[in-house]
Amino acid sequence: MTDTTISARGGVPERPSLDGLEETWARRWQSDGTYAFDRTKERSDVYAIDTPPPTVSGELHMGHVFSYTHTDTVARFQRMRGRTVFYPMGWDDNGLPTERRVQNVYGVRPDPALPYDRDWRPPGAPVDDAARKNPTAISRRNFIELCELLTVEDEKAFETLWRRLGLSVDWSLTYTTIGSAARAASQRAFLRNLARGEAYQAEAPTLWDVGYGTAVAQAELEDRERPGAYHRLRFTGPAGREVLIDTTRPELLPACVALVCHPDDERYADLVGASVRTPVFGVEVPVRAHPLADPAKGTGIAMVCTFGDLTDVTWWRELRLDTRVVIGRDGRLLPEPPAGVPAEPYAALAGQSVNGARRTLVELLADAGDLVGEPRPITHPVKFYERGDRPLEIVSTRQWYLRNGGRDAGLREELLARGRELRWVPEHMRHRYEHWVGGLTGDWLVSRQRFFGVPVPVWYRLDDAVEPDWSHPLTPDEAMLPIDPTSEPPPGYDESQRGEPGGFTGDPDVLDTWATSSLTPQIVGGWETDPDLFGRVFPMDLRPQGHDIIRTWLFATVTRSHLEHGALPWHTAVLSGWILDPDRKKMSKSKGNVVTPMALLEQNGSDAVRYWAASGKPGTDLAYDPAQVKVGRRLATKLLNASRFALGLGAADALRAPVTQPLDTAMLAELSGVVGTATSAFDGYDHTAALMATEAFFWRFCDDYIELVKERAYGAGPAADSARAALATALSVQLRLFAPVLPFVTEEVWSWWRYGSVHRSPWPTTYEVSRAMAAPGDPELLRLAADALGQVRRAKSERKLSMKADVPLAEALGPAAVLDQLGAVADDLRSAGRIAKLDLLPDRTTELVIACAF
């Protein structure tokens with residue numbers, strides 16, 4: 001590889017400093033195109049990264065700094081290995097988080113019934129709580145424009161932080177998940193899924209977030225422990241038999257469609273096939289048997305409602321039960337009772353919230369004498385949308401689904417096989433993937449009832465009664481993409497026919513944000529729009545991501561690529577852990593233990609923070625440790641000062657001179673081993689091991705080798721030339737070994753004495769180091785000399801003498817073989833220790849002992 005940027009050497013400054021390096025070099029790298037992707041290279045010379053697009057609806061946190069630093073070390077290493085690195089940055093700006101942020105910042109809510117107002121302007125500043133509680137209604141289009149406006153500002157702040165951190169991305173490749181290219185790719189993939197029968201529409205029980213007003217998918221759920229209570233209800237069986245039911249959701253009693261017991265439960269065997277009557281409402285419901293009923297839970301017989309939880313859905317589907325829906329999309333009980341439920345008792349519940357209806361129904365049960373005992377408080381897991389703040393309900397809605405193996409055993413096995421093809425770092429993360437795929441209970445629900453997202457690209461014909469023909473959606477030609485069916489007519493229609501008998505209506509939904517994010521390799525790679533680029537980068541080499549979104553982002557991307565391309569989207573997935581606070585608790589805003597990245601970067605320097613981040617291995621959680629950041633700062637400072645010292649000895653002019661002296665070759669021999677260790681570690685995506693090996697050698701190099709050799713290096717002649725050449729080679733190699741982790745300080749030092757950028761320079765090799773040596777070196781010789789010098793220093797310290805104090809006589813005692821080795825570096829030891837006379841006394845001791853006489 002040849003140097004392509006930064007053509008002039010800057011010279012060694014009198015007082016080098018870490019301050020200001022980020023601004024200087026970030027600007028220089030951008031202007032010089034240091035990290036630009038070369039799209040003329042063949043695929044074998046390309047290393048392509050499917051960079052995670054962070055959600056821009058919040059703030060970047062230390063977890064982002066942690067994981068994105070890991071990816072950047074890979075990019076920098078691969079670039080120095082001679083690959084042209086395809087390293088884009090994306091912004092995930094569509095979806096529910098962005099909408100919620102816009103609503104909170106501006107105090108607005110979208111209302112699709114309102115017309116677009118081109119003169120409407122948002123508030124000039126963020127609004128107060130009162131405005132948030134009473135938001136202003138604006139049109140769908142005005143709301144989308146506001147989302148676009150805010151995300152642009154968020155993206156600028158994110159880019160500023162990433163540049164400060166030193167990410168070596170090619171900023172010309174930046175994309176957004178709501179941009180035109182992303183919308184077209186997402187809609188194109190959906191239409192092809194639809195054409196192949198992989199996407200379909202169905203009316204079915206749906207997990208529904210009342211706060212956001214949208215359906216959510218199985219992959220977006222999380223259980224949260226919440227207080228509740230068991231209520232024991234009295235049902236009436238044949239001949240007046242009392243049948244007791246324990247439930248945490250008595251408000252769903254009017255939605256009861258059956259009781260279910262286990263097939264082997266003898267207590268209720270005679271009831272199976274019979275009917276019982278519900279309390280308060282007196283509705284007759286059947287008793288059925290099903291293996292999912294737990295005889296040990298509550299009374300052993302359960303109330304099936306449509307729908308209280310996912311088990312209710314399973315029982316309803318498999319037992320072919322009636323449907324009685326009582327909860328609407330707004331989270332309140334419907335104004336009218338379901339068929340078969342008497343209106344009089346239901347009227348007390350109509351329109352109430354779930355909690356209000358629960359209180360009312362408990363009172364009705366108590367008044368009727370059908371509440372047995374007092375409610376028993378419990379704490380139990382309740383399902384939430386991962387970004388929501390209210391428990392999910394299950395309502396019946398029409399939604400779009402994408403086949404993912406949840407109901408297709410053959411597809412499930414194909415996707416499991418894809419997981420086995422993928423290289424996982426660390427390997428054990430593959431089991432999380434397999435556990436998720438094996439536990440799927442349904443297909444991927446990909447439609448959302450929101451606004452700021454990629455529109456579902458279909459329309460529906462309307463009959464004379466203005467009813468949509470759901471079974472035959474109208475689709476656009478791919479050349480029309482991206483399209484918005486709520487504002488554009490389908491082929492063969494005009495806008496005047498929208499909503500009219502015999503006309504059309506556009507699908508009002510948008511696609512789940514993961515339905516677009518699952519196509520990031522295709523979006524950034526130019527799928528179907530830039531075949532040349534796509535052929536050079538797809539399948540990509542690396543997907544870095546958090547282990548907590550294996551079930552969403554990783555699995556979804558594998559699914560889309562398998563369905564569209566019949567291949568994996570990348571060869572390797574590297575999973576990062578979480579960032580913990582010093583008490584080893586996961587950082588979160590709700591706990592108040594979040595550290596702001598920008599302030600930390602400005603206070604300590606980016607290299608110091610990157611050093612802390614690189615101390616965490618893939619897949620392993622890491623506690624934020626201010627002390628570790630300080631160690632990184634000290635390392636970067638030492639690198640500046642040690643480099644200045646070595647170059648001040650004339651090392652720069654001796655770079656390619658032969659290294660002849662035993663101590664010099666010993667140091668380079670050890671360095672050669674470090675190069676091999678660091679290279680293998682980076683090849684295995686273990687940046688931590690590479691850093692540890694490099695750092696350990698660097699401190700030995702500074703504390704031992706430089707101290708031993710500096711007197712000789714000040715001199716003249718072949719021995720001095722050897723020392724300066726060894727210093728130059730060692731400095732050149734170490735700067736490149738540190739470069740992936742400490743990009744700013746290494747670039748700064750490199751610019752003092754080398755041409756080009758260190759980040760465009762070739763990765764060091766063991767051959768390069770060995771070529772500098774006139775003869776092979778012995779790493780043990782450096783360790784032996786360091787041990788001897790350390791003993792001389794201790795002797796001076798014990799006598800409270802300066803390290804510059806002269807030692808009139810020193811005696812070296814030890815095995816003859818050891819002293820023979822020591823003799824090879826005796827001159828350097830005498831100079832470094834200021835020893836006037838050094839006597840070697842073999843076989844007096846079993847280990848090396850340096851006795852000093854003052």
Working to the nearest 0.5 angstrom, can you tell me the gap between [X] [atom1] and [Y] [atom2]?
| X | Y | atom1 | atom2 | answer |
| --- | --- | --- | --- | --- |
| Tyr87 | Leu173 | OH | CG | 12.0 Å |
| Glu22 | Glu602 | CD | CD | 9.5 Å |
| Glu748 | Leu640 | CD | CG | 6.5 Å |
| Leu735 | Phe698 | CG | CZ | 9.0 Å |
| Leu601 | Thr160 | CG | OG1 | 12.0 Å |
| Thr177 | Arg183 | OG1 | CZ | 10.5 Å |

Starting from the C-alpha separation in whole Å, work towards a yes-or-no answer on ring-ring contact (aromatic ring centres under 6.0 Å, His included) for Trp91 and Tyr175. CA-CA 6 Å; Trp91 309 122; Tyr175 68 96; 9.0 Å; no

Would you say the side chain of [Y] lies within less than 4.5 Å of the side chain of [X], judging by non-hydrogen atoms?
| X | Y | result |
| --- | --- | --- |
| Lys638 | Cys702 | yes |
| Arg27 | Asp32 | no |
| Glu768 | Val675 | no |
| Val105 | Val127 | no |

[X]/[Y] ion pair, N-O < 4.0 Å:
| X | Y | value |
| --- | --- | --- |
| Asp607 | Arg633 | no |
| Arg83 | Asp541 | yes |
| Asp72 | Arg76 | yes |
| Lys156 | Glu159 | no |
| Arg700 | Glu695 | no |
| Arg164 | Glu23 | yes |

Aromatic ring proximity [X]/[Y], centre distance under 6.0 Å:
| X | Y | value |
| --- | --- | --- |
| Tyr68 | Trp162 | yes |
| Trp578 | Phe66 | no |
| Tyr685 | Trp424 | no |

Answer yes if the side chains of [X] and [Y] hold a donor-acceptor pair under 3.5 Å, and no otherwise.
| X | Y | answer |
| --- | --- | --- |
| Ser761 | Arg754 | no |
| Arg432 | His547 | yes |
| Arg543 | Thr572 | no |
| Asp38 | Thr40 | yes |
| Ser757 | Glu747 | yes |

Any donor and acceptor pair, going by atom type alone, linking the side chain of [X] with main-chain N or O of [Y] inside 3.5 Å?
| X | Y | value |
| --- | --- | --- |
| Arg132 | Asn104 | yes |
| Thr98 | Asp93 | yes |
| Thr677 | Gly673 | yes |
| Ser615 | Trp612 | yes |
| Asp170 | Phe37 | yes |
| Glu670 | Phe697 | no |
| Glu222 | Tyr385 | no |
| Thr151 | Glu148 | yes |
| His70 | Pro618 | no |
| Arg610 | Val741 | yes |

Given side chain to side chain contact (heavy atoms under 4.5 Å, CB included), test Arg736 with Trp750 step by step and report yes or no. CA-CA 9 Å; Arg736 285 175 282 158; Trp750 191 265; 3.9 Å; yes

Could you give me the CA-CA distance, side-chain angles and deciding distance for Tyr705 and Leu727, then say whether side chain to side chain contact (heavy atoms under 4.5 Å, CB included) is met? CA-CA 9 Å; Tyr705 177 73; Leu727 285 168; 3.7 Å; yes

What's the shortest heavy-atom distance between [X] and [Y], and which atoms?
| X | Y | value |
| --- | --- | --- |
| Leu668 | Ala726 | CD2-O, 4.0 Å |
| Leu691 | Phe738 | CD1-CE2, 4.1 Å |
| Ala693 | Val674 | O-CG1, 3.8 Å |
| Val733 | Pro764 | CG1-CB, 3.9 Å |
| Val537 | Ala48 | O-CB, 3.6 Å |
| Ala681 | Ala690 | CB-N, 3.6 Å |

Checking side chain to side chain contact (heavy atoms under 4.5 Å, CB included) for the pair Thr557/Trp514: CA distance, chi angles, key distance, verdict? CA-CA 9 Å; Thr557 311; Trp514 293 114; over 6 Å; no

Can you list the steps and then say if Asp45 with Arg536 is a salt bridge (charged side-chain N to carboxylate O under 4.0 Å, His left out)? CA-CA 9 Å; Asp45 294 324; Arg536 296 177 196 275; over 6 Å; no

If you apply the rule ring-ring contact (aromatic ring centres under 6.0 Å, His included), what do you find for Trp763 with Phe682, and how did you get there? CA-CA 11 Å; Trp763 183 255; Phe682 269 120; 5.6 Å; yes

Met598 atom CE: more than 12 heavy-atom contacts under 6.0 Å: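 Atom CE in Met598 is crowded, with more than 12 foreign heavy atoms closer than 6.0 Å.
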
Arg100 charged N/C atom sitting above Tyr212 aromatic ring, 6.0 Å / 45°: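 Positive - Arg100 is close enough to the ring of Tyr212 and near enough to its axis.
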
Cation-pi between Arg423 and Trp570: NZ/CZ under 6.0 Å from ring centre and within 45° of the ring axis?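 Ring-cation test returns no.
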
The test is side chain to side chain contact (heavy atoms under 4.5 Å, CB included); show your working for Thr69 and Leu165 and say whether it passes. CA-CA 8 Å; Thr69 295; Leu165 184 63; 3.7 Å; yes

When you look at Phe744 and Trp29, which way does the ring-ring contact (aromatic ring centres under 6.0 Å, His included) test go after all the steps? CA-CA 11 Å; Phe744 293 104; Trp29 291 331; 5.1 Å; yes

Can you label the angle between the His64 ring and the His61 ring as parallel, tilted or perpendicular, going by 30° and 60°?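 Because their plane-to-plane angle lies in the 30° to 60° range, the rings of His64 and His61 count as tilted.
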
Which is it for Thr34 and Arg760 under the side-chain hydrogen bond (donor to acceptor under 3.5 Å, both in side chains) test, yes or no, and what are the steps along the way? CA-CA 7 Å; Thr34 304; Arg760 283 288 191 176; over 6 Å; no

Among Ile178, Val102, Asn94, side-chain contact (heavy atoms from CB on, under 4.5 Å) partner for Cys147: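 Result: among Ile178, Val102, Asn94, Val102 is the only option passing the side-chain contact (heavy atoms from CB on, under 4.5 Å) with Cys147.
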
